[in-house]
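One structure below.
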Protein chains: 2
Amino acid sequence: MKHALGSAILISSVALSMTAAKPRSEPITPIEAVKVTNPAKVSLGTMLYFEPRLSKSGSISCNSCHNLMTSGADNLPSSIGHGWQLGPINSPTVFNSKYNLAQFWDGRAKDLSEQAGGPIANPGEMGSTHELATETLQSIPEYRALFKKVYGTDKVNIANVQDAIAAFEETLVTPNSRFDQWLKGSDKALTATELRGYETFKNKGCVACHSGPGVGGGMYQKFGLVKPYAGNDHPGAQVGRFAVTKNETDKFVFKVPLLRNIELTAPYFHDGSHWTLEETVKTMANVQLGQTLTDAEAGDIVAFLKTLTGERPKISMPLLPPSTNTTPHPDLTVAPKAATSG
Amino acid sequence: MKHALGSAILISSVALSMTAAKPRSEPITPIEAVKVTNPAKVSLGTMLYFEPRLSKSGSISCNSCHNLMTSGADNLPSSIGHGWQLGPINSPTVFNSKYNLAQFWDGRAKDLSEQAGGPIANPGEMGSTHELATETLQSIPEYRALFKKVYGTDKVNIANVQDAIAAFEETLVTPNSRFDQWLKGSDKALTATELRGYETFKNKGCVACHSGPGVGGGMYQKFGLVKPYAGNDHPGAQVGRFAVTKNETDKFVFKVPLLRNIELTAPYFHDGSHWTLEETVKTMANVQLGQTLTDAEAGDIVAFLKTLTGERPKISMPLLPPSTNTTPHPDLTVAPKAATSG
């Protein structure tokens, strides 16, 4: 009897070690699902994220340039703002943006909350002002009640608007990609080609910057580190972090973008100049690492990159409350020369 | 034993007659929930409805002007098309649009399917062509598979695109408004003011045109029937059904709009010239019926109109598949003089 029990424990232990996958230790780490701790705030943030009345025209919301049905971005070289002004820089994806060390390509916003205030009041983007945006929300009783519930005051202020939008954005992660399954120990999650692509990605040096849960987002880096990037060499080229720090060494230094869901987020680079992943990885290897990739190497890396596509959030469309007789009207007029910035 | 059973049946029957409300017979009839018979088609139609790649710029979808999170319209006087062109006419709500006898203000599309093709290829709206739109979908394997599943062919054609979008739009009804609850016999669904408003709405003659499940949508009518409508009297004013029939008597004749969810769909009229329901009902009474409403009468009617707000559809955001290397790129350029029509 004692013997039999011992056998049973042994068998069970073997079975466990066969099924319980052993997590891998790699420079890329898995994305974990988000536990929502303040559902009322996230719910309000969801509404505000899709709220076109935060823009001057009443037609542009956060989702216009960071579309949650596609890539968390807009898949344009640069975004369309008030009056069809084209922005100076490619809109990065909001998916997994919580893993960025700072927001915007030049890192000028320290976090998602600070970022959220930018486009609302940018004349080339949503074209409103913080005063007009809050006055608009304030005129709608349903919003007043929701702000009261979440922040204890029905006086709407822009800090709370930004805080709620950021709380929603914090939930926009894409866990359970095939690569993450592999990281967590599932050997069959990747094909031989994809694994070879990952090895090439590491061996060529891509992983030096593209690591962590976001596969990027953790540092700044000069674009054109080893060889000049052609896109830097024209008037009006974005200067990157130099615009923030005014240090000459920060010229053409940008935040390293996340590679999560990179399959979804064409066109690529801060200037949206590259449309295929194949040409993109070749350019990156060339200007950042001084290496020329073969078609086979680039193809392998692209196969690996496509395993970084995770599960996009499932979102129920918020139902936005109607304007009232005191809500400011949308203003579709375009000033002759509105400024733009990225 | 037999007696006891008889009692139980009697009690149950009394309880039933007390709770089963008696439906009212009125010129307005309730909206019924839609039973989806072809979920695969509706699912494809949902994706296409939110698909910005049906537009030339890759940024404008059906939902841009018919926003399902707000009013099924865009709450602008007229919509913003490719290159920030402003349309010539107010976008009507897509909610309950299946109850319209025809689509567009001038009824030039016989049904939702025919309507759906219009904006895609209108240079002033989505700015694409049917060829480019179908080529775009055709380049995406997930779409090919979905068309194959629904239509038996993976060759995407515009008729099937329109058919799928229309199938989704047929589901966009808003049942269970408080007025419908009252119609179905719930006496407590309306307040005394709202009921008085409905009586005024009938007595003044509004209900002559605004009847049926859509509270409108069933006929054409001249705008400025009794007295001239000031908005008709300027160059470039919309001529309504005349544009379709070329009959002089059809000048300024428009489809009677639905009043369902009218609380949500400001601004009002085909020219989006009126922002409050109070001024709107006064203008209507004046130019259509030759009557001057008191503030109290207008207020009562507005109170009634707000009971027509139903339950908007609960929609899970579709997740759209990525473009491929063969997908046509978005084109944000604006021709010097693109045409517009409504």
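Here is the naming used below: chain letters follow the sequence lines, and residue numbers restart at 1 for every chain. Only this structure's heavy atoms are used, side chains among them; waters, hydrogens and symmetry mates stay out.
With chain B as the partner, the residue from Ile80(A), Asp74(A), Thr324(A) showing the most heavy-atom pairs under 4.5 Å is Ile80(A). With chain B as partner, the option from Leu68(A), Leu319(A), Thr327(A) having the largest number of non-hydrogen pairs under 4.5 angstrom is Leu319(A). When each of Ser64(A), Pro322(A), Pro313(A) is scored by its heavy-atom pairs under 4.5 Å with chain B, the top score falls to Pro322(A). By number of non-hydrogen pairs under 4.5 angstrom with chain B, the leading residue of Pro318(A), Ser71(A), Ser79(A) is Pro318(A).
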Original post:
What's the verdict on salt bridge (Lys or Arg N to Asp or Glu O under 4.0 Å) for Lys306(B) and Glu194(B), showing C-alpha distance, side-chain angles and the deciding distance?
Top reply: CA-CA 9 Å; Lys306(B) 290 184 175 178; Glu194(B) 292 159 352; over 6 Å; no

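Note that CG of Asn67(A) is 7.0 Å distant from CG of Leu320(B), once rounded to the nearest 0.5 Å.
Taking 4.5 Å as the limit, every side-chain heavy atom of Asn90(B) sits out of range of all side-chain heavy atoms of Ser78(B). Side-chain contact between Ser273(B) and Pro77(B) is absent, with no heavy atoms from C-beta onward closer than 4.5 Å.
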Quiz: residues 50-57 of chain A side-chain donor-acceptor pairs under 3.5 angstrom, not counting sequence neighbours:
| from | atom 1 | to | atom 2 | distance (Å) |
| --- | --- | --- | --- | --- |
| Glu51(A) | OE1 | Arg53(A) | NH2 | 3.0 |
| Glu51(A) | OE1 | Tyr143(A) | OH | 2.6 |
| Glu51(A) | OE2 | Arg53(A) | N | 3.0 |
| Glu51(A) | OE2 | Arg53(A) | NE | 2.8 |
| Arg53(A) | NH1 | Pro321(A) | O | 3.0 |
| Arg53(A) | NH1 | Ser323(A) | OG | 2.9 |
| Arg53(A) | NH2 | Pro321(A) | O | 2.6 |
| Ser55(A) | OG | Pro52(A) | O | 2.7 |
| Ser55(A) | OG | Gly58(A) | N | 3.1 |
| Ser55(A) | OG | Ser59(A) | N | 3.2 |
| Ser55(A) | OG | Ile60(A) | N | 3.0 |
| Ser55(A) | OG | Ile60(A) | O | 3.2 |
| Ser57(A) | OG | Ser59(A) | N | 3.2 |
| Ser57(A) | OG | Ser59(A) | OG | 2.7 |

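Every side-chain hydrogen bond (donor to acceptor under 3.5 Å, both in side chains) that Glu278(A) has, sequence neighbours left out, goes to Asn325(B).
Of the atoms belonging to Ile315(B), heavy atoms from both backbone and side chain fall under 4.5 Å from chain A. Both the backbone and the side chain of Ser316(B) come within contact range of chain A, with heavy atoms under 4.5 Å apart. Neither the backbone nor the side chain of Ser61(B) comes within contact range of chain A, judged by heavy atoms closer than 4.5 Å.
Between Phe168(A) and Tyr49(A), the two ring planes are perpendicular [angle over 60°; tilted spans 30° to 60°].
The stretch residues 259-267 of chain B places Glu263(B), Leu264(B) near chain A, each with some heavy atom under 4.5 Å from a heavy atom of that chain.
Between the side chain of Arg312(A) and the main chain of Thr70(A), a donor-acceptor pair closer than 3.5 Å is present.
Identified under the ring-ring contact (aromatic ring centres under 6.0 Å, His included) test for residues 295-324 of chain A, with sequence neighbours left out: Phe179(A)-Phe304(A), Tyr198(A)-Phe304(A), Phe201(A)-Phe304(A).
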